[in-house]
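First comes the structure, then the notes that go with it.
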Amino acid sequence: MDKPVTPPQSLFPAPPMAEQERMIEAILFASAEPQTLAQISARLPAGCDAAEALVHLRTRYQGRGVTLGRVGDGWAFRTAPDLGWLMQTERVETRKLSRAAIETLAIIAYHQPATRAEIEEIRGVAVSRGTIDQLLEMDWIRLGRRRMTPGRPVTFVVTEEFLDHFGLESARDLPGLKELREAGLLDARAMPGAPAPEEDDEDDSPRSGQSELFED
Amino acid sequence: MDKPVTPPQSLFPAPPMAEQERMIEAILFASAEPQTLAQISARLPAGCDAAEALVHLRTRYQGRGVTLGRVGDGWAFRTAPDLGWLMQTERVETRKLSRAAIETLAIIAYHQPATRAEIEEIRGVAVSRGTIDQLLEMDWIRLGRRRMTPGRPVTFVVTEEFLDHFGLESARDLPGLKELREAGLLDARAMPGAPAPEEDDEDDSPRSGQSELFED
Amino acid sequence: MSEDWDTQDSIIARREAEALIVDVDGFEGPLDLLLTLSRTQKVDLRRISVLDLAEQYLGFIERARSLRIELAADYLVMAAWLAFLKSRLLLPPDPTEEGPSGEELAAHLAWQLERLQAMRDVAARLMGRDQKGRDFFARGAPEALAVSRKTRFEASLIDLMRAYARLRTRDDFRPYAFDRSDIYPYEAALARLSALVPGASDWTSLQAWLPEGWRGVPARQRSAIASTFAATLELAKQGQIELRQSDTFAPLHLRRKSGQ
């Protein structure tokens, strides 16, 4: 039995090699950057032999789905080169949805089925074609039944995909204005002198776009 | 040797089990988020049995520095908890939760789906503004289905991220859940003389909350 | 009655009670206070004497009042309810009276306290668990070997609800501002007119040059007329068109400048 060599300054024996291997495995897994031998050693208890443990660990991962390899000066886990194709779909760029899109989406979710004109009334500005197209393309909204009013405008409703993304069981589970306010999601800081926000439900939309200020 | 069952529609035989294991290992190593069985399967060639391969993989990592665990519907590699002290560099300082927020979280977890009124009844005090907001923002709770009682209040349930954060395989594994249920402390008991709690008119959402998880 | 009880009370208990009063802001409501008071009974919550607890609570309220400490309304509501409960527990049951017995009410209160204590215990156990990012860690360098690049637009439920809340309360405090939806910009009018002018060999009313969808609705028409008129002035200045108006307020006509 060969005992790990303990430097004289340490009061405790170094952990067994298998344990040192575990430690390095965890460190390299959790690190955002490849770790050099010196960095690894500095994080291990006194008396550890990181170089030897790395050799063992590398052997252990040989032929596995991930391998332990050198990256520059450091060590890191990487996907086995032959499995790179599995990672192909992984690259997705995430961008925040524009304010126009999120507002349009919110109106559709709360008022569905909603026509384009209704969305514009609530937002008080025109809805660009691109915004609707984007939401349709994302599969968050879809066309609902045509409204039985003059012009038979198309309506929009939210999709299953939308519910799935936002973790909702149904669009009816969205909290109403009153509930939003109670949950502190809605800052009721009114302008000085402005009337207090009315306690309305999501159903009775006052539909008061600023545009009517200009109506004759 | 048992060969993996290949669905008849596939022209190619599924890769051997050891190879399936490698592929899943690569996929799960590459992702910081838990991946569901469906997500994993979608990336594997036709005919693979991801469920079985996961069992093998989990066994392989038992006692290692990194272990494979279940998180709700998903699977993820996480470092072994006993090695947390090695990871000071990676440690993220989480916002300190108020006592109210912690209690609210626990009530939602153990009573889910829970309405705001139920949280308030249990704590004997109003849920302060921002508490729910904070828990939603941390992605530890989400909206459940509305309760089918007068007023149709929104309900809250815990998320996969909550399970992942606290290392729980499912909400059934919450500490002490069984004892609480057996002691009747998760029952919806109304004050004697007060009108009985309204029964949901939808048969598939009983008010018993978590306790239903144990019903056979 | 509470004075008798006060004098019988040990000095230690009284000190504790006074400390409670000073700390009244530290309590999270009447149930929390009751739970704290119940600890002085030093028994299992299941065997708590609700009658004693009611006495303690009422004593607490009494002393807080004598010290002129403002208590929130729900503390007083609880005091009233406990006084009612106390009378139910002390008086022999009145057979003509309906409703639950004092014992039933007391049992329910004890159960509520037990439940609150239980939720606190499990909350502590929950927070004592190993936590991600503190005790165990996810992959630090998730790999994303890209071949296909796809833009995914991201929005959270909070974003969605906030957007809606913002929209629906905007009218409450939105400062006065021009709404741009019915504004036909000058640049658009100029671009449109410049493109159409080469075909305008005859005198045509300015009205006829207004874009589709901007006629009829007064607000929109007004804006379109204004910007189109401004555009005609610019084109006239550039020598591309001629303008003609037969009388004040008469319709304005324009055509391509001859020789252009």
Side-chain angles (χ1 to χ4, degrees), chain B residues 26 28-33 66-67 76-85 87 90-94 97 99-100 102-103 105-107 109-111 121-126 133 136-137 139 142-143 161 164-168 174-177 179-180 183-186 189-194, chain C residues 26-35 45-46 72 74-75 78 81 98-109 111-145 156-159 161-162:
Chain B
L28 291 180
F29 247 76
S31 173
E33 305 297 322
V66 180
T67 59
F77 278 117
R78 298 288 181 252
T79 63
D82 67 304
L83 299 177
W85 56 276
M87 254 68 75
E90 281 78 27
R91 191 157 301 168
V92 277
E93 271 325 309
T94 39
L97 281 179
R99 176 171 152 182
I102 292 169
E103 284 180 18
L105 178 66
I107 291 168
Y110 285 82
H111 290 261
E121 199 222 311
I122 293 172
R123 296 195 62 234
V125 70
D133 191 3
L136 281 168
E137 210 155 354
D139 195 19
R142 64 174 180 86
L143 293 165
E161 174 57 29
D164 191 18
H165 185 91
F166 291 99
L168 294 162
L174 284 164
L177 182 65
E179 294 89 317
L180 286 182
L185 291 169
L186 299 180
R189 252 185 238 180
M191 172 74 76
Chain C
F27 289 106
E28 302 222 358
L31 265 192
D32 185 27
L33 173 57
L34 273 171
L35 198 55
L45 267 177
R46 300 206 156 192
D74 45 350
Y75 288 86
M78 177 62 89
W81 187 80
E98 296 207 350
S101 69
E103 280 71 25
E104 283 169 331
L105 292 173
H108 186 76
L109 178 62
W111 178 76
Q112 280 181 297
L113 291 174
E114 198 189 339
R115 178 173 66 175
L116 179 59
Q117 185 58 54
M119 290 324 295
R120 292 200 170 155
D121 294 344
V122 291
R125 282 174 74 179
L126 191 62
M127 299 316 282
R129 283 184 71 86
D130 291 330
Q131 293 185 31
K132 189 173 75 175
R134 190 187 75 182
D135 306 295
F136 63 90
F137 296 81
R139 181 76 198 271
E143 280 174 75
L145 305 177
S156 71
L157 183 61
I158 286 273
D159 296 336
M161 295 192 298
R162 285 204 177 122

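We name chains A, B, ... by the order of the sequence lines, and we start the count at 1 in each one.
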For a 4.5 angstrom cut-off between non-hydrogen side-chain atoms, does [X] reach [Y]?
| X | Y | answer |
| --- | --- | --- |
| C:M161 | B:L136 | yes |
| C:D32 | B:V125 | no |
| C:W111 | B:M191 | no |

Nearest non-hydrogen partners of [X] and [Y], listed with the distance:
| X | Y | result |
| --- | --- | --- |
| B:G124 | C:P30 | O-CD, 3.8 Å |
| C:M127 | B:I102 | CG-CG2, 3.6 Å |
| C:E28 | B:A100 | OE1-CB, 3.9 Å |
| B:L185 | C:A118 | CD1-CB, 3.6 Å |
| B:L143 | C:L157 | CD1-CD2, 3.7 Å |
| C:A123 | B:A106 | CB-CB, 3.6 Å |

Spacing of [atom1] belonging to [X] relative to [atom2] belonging to [Y], to within rounding of 0.5 Å:
| X | Y | atom1 | atom2 | value |
| --- | --- | --- | --- | --- |
| B:R123 | C:L31 | CZ | CG | 10.0 Å |
| C:L116 | B:E103 | CG | CD | 6.0 Å |
| C:R120 | B:I122 | CZ | CD1 | 12.0 Å |
| C:D121 | B:E179 | CG | CD | 11.5 Å |

For this session: Quick one: do B:Y110 and C:M119 satisfy side chain to side chain contact (heavy atoms under 4.5 Å, CB included)? Show the steps, please.
Result: CA-CA 8 Å; B:Y110 285 82; C:M119 290 324 295; 3.6 Å; yes
[X], part contacting chain C, at a heavy-atom distance under 4.5 Å:
| X | value |
| --- | --- |
| B:A32 | both |
| B:L180 | side chain |
| B:L28 | neither |
| B:A183 | both |

Exercise. Between B:D133 and C:R162, does a salt bridge (charged side-chain N to carboxylate O under 4.0 Å, His left out) hold up when you go through it step by step?
Worked result: CA-CA 11 Å; B:D133 191 3; C:R162 285 204 177 122; 3.5 Å; yes
For this session: Go through C:K132 and B:E161 one step at a time and tell me if the side chain to side chain contact (heavy atoms under 4.5 Å, CB included) criterion holds.
Result: CA-CA 10 Å; C:K132 189 173 75 175; B:E161 174 57 29; 3.2 Å; yes
For the backbone of [Y] and the side chain of [X], can you confirm whether one donor and one acceptor N or O come within less than 3.5 Å of each other?
| X | Y | answer |
| --- | --- | --- |
| C:R129 | B:F166 | yes |
| C:R125 | B:P175 | no |
| B:T79 | C:F136 | no |

Seminar exercise, completed: Comparing B:E33, B:R142, B:R99 against chain C, the one with the most heavy-atom pairs below 4.5 Å turns out to be B:R99
Problem set entry | Intermediate values then yes/no, side chain to side chain contact (heavy atoms under 4.5 Å, CB included), B:E121 and C:R115 | CA-CA 11 Å; B:E121 199 222 311; C:R115 178 173 66 175; 3.0 Å; yes
For this session: Determine, step by step, whether B:R78 and C:D130 satisfy the salt bridge (charged side-chain N to carboxylate O under 4.0 Å, His left out) criterion, reporting the C-alpha distance in whole Å, the side-chain angles of both residues, the deciding distance to 0.1 Å, and the verdict.
Result: CA-CA 12 Å; B:R78 298 288 181 252; C:D130 291 330; over 6 Å; no
Seminar exercise, completed: Counting heavy-atom pairs under 4.5 angstrom with chain B, the leader among C:M78, C:E114, C:E104 is C:E114
For this session: Check the pair B:L174 / C:L126 against side chain to side chain contact (heavy atoms under 4.5 Å, CB included), numbers first and verdict last.
Result: CA-CA 8 Å; B:L174 284 164; C:L126 191 62; 3.9 Å; yes
